[in-house]
Amino acid sequence: MNQLSFVILSTGLETLKELRGALASNERTRLLAGGDDAEQLFPEIVRLRPNAAVITLGAEAERTLKFVERLAAECPQTAIICASRDASPDLILRSYRAGARDFLRLPVINEEFQTVIERTAEFCSTQTDAPKKRGRAVAVFSSKGGCGTSFIATNLGAAFDAPTVLVDLNLQAGDLSLFLGLEPKFSIADLVENRARIDDSLLKSYVVPHTSNLSLLAAPREADLADDIEPEHIFEVLELLRERYDYVVIDPQHTFDAITLSALDQADDVVLVLTLDIPAIRSTQRALALFDRLGYPRHKVRIVVNRWSKQIDLDLRQVERFLGERVTGYVQSDYNTAVNSINLGEPLVKSDPTSRIATEIRHIAASITGAGVESEIKEPRKGLWGAIFGRPVGAISNAGLRTRLGKDKATAAI
Ligand SMILES: Nc1ncnc2c1ncn2[C@@H]1O[C@H](COP(=O)(O)OP(=O)(O)O)[C@@H](O)[C@H]1O
Ligand SMILES: [Mg+2]
């Protein structure tokens with residue numbers, strides 16, 4: 001049979017170690033996440049939808065049982081197993097009443113543990129719930145403003161050939177509604193406020209349609225409406241959207257604040273946008289280093305150069321070596337075309353689909369969806385890549401980053 005996935009909420013490190021050891025010694029079980037912070041773990045459980053969650057009850061049993069109740073209501077397909085050193089009939093009864101399906105005495109007794117695993121497997125085999133839709137979350141990010149993330153996010157959202165929602169996470173000063181020529185009445189703040197009672201029709205009333213496939217969840221009109229929005233709310237909102245759209249394209253702020261990190265964590269893909277200037281290259285390198293520290297797999301991140309032009313005298317291989325990552329997209333610099341489309345409130349991929357910018361954005365979209373790039377786009381790209389990387393290695397200008405700034409300054413600067 002398939003492995004059973006587990007999440008553990010423990011009362012301390014020792015208990016976590018003990019339970020983790022018990023799970024590790026059983027080849028039918030797999031631990032997805034563990035920790036002692038219930039509030040942090042809750043959204044993880046909702047997202048991961050494990051087969052079972054082991055919840056340990058310690059000194060604050062009453063509070064933890066409230067958590068069990070919440071979890072049982074939110075994730076009925078997850079078998080909740082309460083575990084405690086106090087195996088009094090009273091606590092066992094209260095655990096079952098809160099929604100637990102089983103009770104495990106601590107310290108773990110091997111035989112009992114095997115029985116609990118078997119009962120969990122039995123419960124899981126009865127779960128015939130159709131899996132919920134889970135759209136792909138794509139964050140378009142740059143830790144430096146002005147690189148064109150909103151422009152790329154909007155066009156990427158319009159390039160997906162499936163129901164897509166754009167989420168404006170610039171909660172203080174979002175402007176995606178302008179990019180799409182929309183005047184939203186509601187915003188993400190309304191969705192957050194009413195998230196507990198969201199159904200399809202209420203959600204539809206909070207997003208604004210741009211085309212039949214593309215909608216916008218706007219940023220609040222007044223900055224102070226965003227004051228009460230917490231990272232866990234964003235997590236929940238993105239989950240709700242993923243259940244209803246094939247693609248959720250997120251345009252976060254240019255800082256590593258908790259809300260942005262919550263969105264980046266949840267994203268399946270991070271399109272990391274930079275322009276070819278030293279401050280942007282350096283902040284991209286810092287972002288990549290942070291992503292490494294956060295444990296993001298490198299395949300989650302795609303680097304896209306915006307406002308690319310042949311005239312930029314930078315050795316791109318050197319930039320890639322410096323970043324330690326390949327650049328996967330080059331969006332042409334074309335100020336008039338970009339600004340016109342923004343002023344018209346119409347993404348270029350729709351208003352001027354044959355433009356070089358639109359062609360490249362569609363290529364990036366296709367690399368995310370895994371669809372083959374249409375043949376009409378292939379040729380110009382070949383030319384573009386040829387222009388960049390086709391030169392023989394010896395011919396690549398050594399000028400690169402260093403001479404742009406003066407030999408020693410460049411290395412020091414980045
Ligand atoms: N490929 C491009 N060529 C020329 N101008 C661009 C391009 N992409 C974006 N811009 C311009 O850059 C400016 C900043 O873009 P925006 O998307 O608002 O950046 P960000 O969201 O990263 O702060 C806009 O005026 C936009 O027209
Ligand atoms: Mg922006």
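Index from 1, following the sequence. Counting convention: from 1, in listed order, for ligands and their atoms alike. Treat the numbers as computed from the prediction; the structure is a model and nothing was measured.
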Lys144 touching ligand 1 at heavy-atom level, < 4.0 angstrom:
no

With a cutoff of 4.0 Å, is Trp308 in contact with ligand 1, counting heavy atoms of the residue only?
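Flag not set, Trp308 not near ligand 1.
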
Donor-acceptor under 3.5 Å (Arg307 side chain, Ser333 main chain)
no

Hey, does the side chain of Asp86 reach the backbone of Gly58 with a donor-acceptor pair shorter than 3.5 angstrom?
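Not confirmed, Asp86 side chain does not pair with Gly58 backbone.
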
May I ask you to identify the nearest protein heavy atom to atom 3 (N) of ligand 1, giving residue, atom name and distance to one decimal place in Å?
Asp334 N, 2.9 Å

In the protein, which heavy atom is nearest to atom 14 (C) of ligand 1, and how far is it?
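Here the closest protein heavy atom is Gly146 O, 4.0 Å.
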
So, [X] versus [Y]: side-chain donor-acceptor pair below 3.5 Å or not?
{"X": "Asp257", "Y": "Thr255", "result": "yes"}
{"X": "Ser10", "Y": "Asp36", "result": "no"}
{"X": "Glu239", "Y": "Gln266", "result": "yes"}
{"X": "Arg286", "Y": "Ser143", "result": "no"}
{"X": "Asp277", "Y": "Thr275", "result": "yes"}

Run the numbers for me: atoms of ligand 1, each under 4.0 Å from some heavy atom of Ile357, listed by number.
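So the atoms of ligand 1 that pass are 1 (N).
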
Give the numbers and elements of all ligand 1 atoms closer than 4.0 Å to a heavy atom of Tyr335.
4 (C), 5 (N)

Heavy-atom proximity to [atom], best of [options]:
{"atom": "atom 18 (O) of ligand 1", "options": "Phe141, Phe151, Tyr330, Phe179", "answer": "Phe179"}
{"atom": "atom 6 (C) of ligand 1", "options": "Arg356, Gln332, Arg307, Glu360", "answer": "Arg307"}
{"atom": "atom 15 (O) of ligand 1", "options": "Ser333, Ala338, Gly148", "answer": "Gly148"}

Would you kindly specify which portion of Ile342 sits under 4.0 Å from ligand 1, judged on non-hydrogen atoms: side chain, backbone, both or neither?
side chain

Applying a 4.0 Å heavy-atom criterion (strictly less than), which segment of Asn306 is in contact with ligand 1: side chain, backbone, both, or neither?
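Within the 4.0 Å criterion, Asn306 contacts ligand 1 through side-chain atoms alone.
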
Which word best sums up how the rings of Phe256 and Phe141 line up, parallel for under 30°, tilted for 30 to 60°, or perpendicular for over 60°?
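Rings of Phe256 and Phe141: tilted, 30 to 60°.
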
Is it true that some N/O/S atom of Ser150, main chain or side chain, lies under 2.8 Å from the Mg ion (ligand 2)?
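True for Ser150.
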
Heteroatom proximity flag, Asp175 to ligand 1, N/O under 3.5 Å:
no

Should the pair Glu232-Arg195 be classified as a salt bridge under the 4.0 Å nitrogen-to-oxygen rule?
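No, no charged N to carboxylate O under 4.0 Å.
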
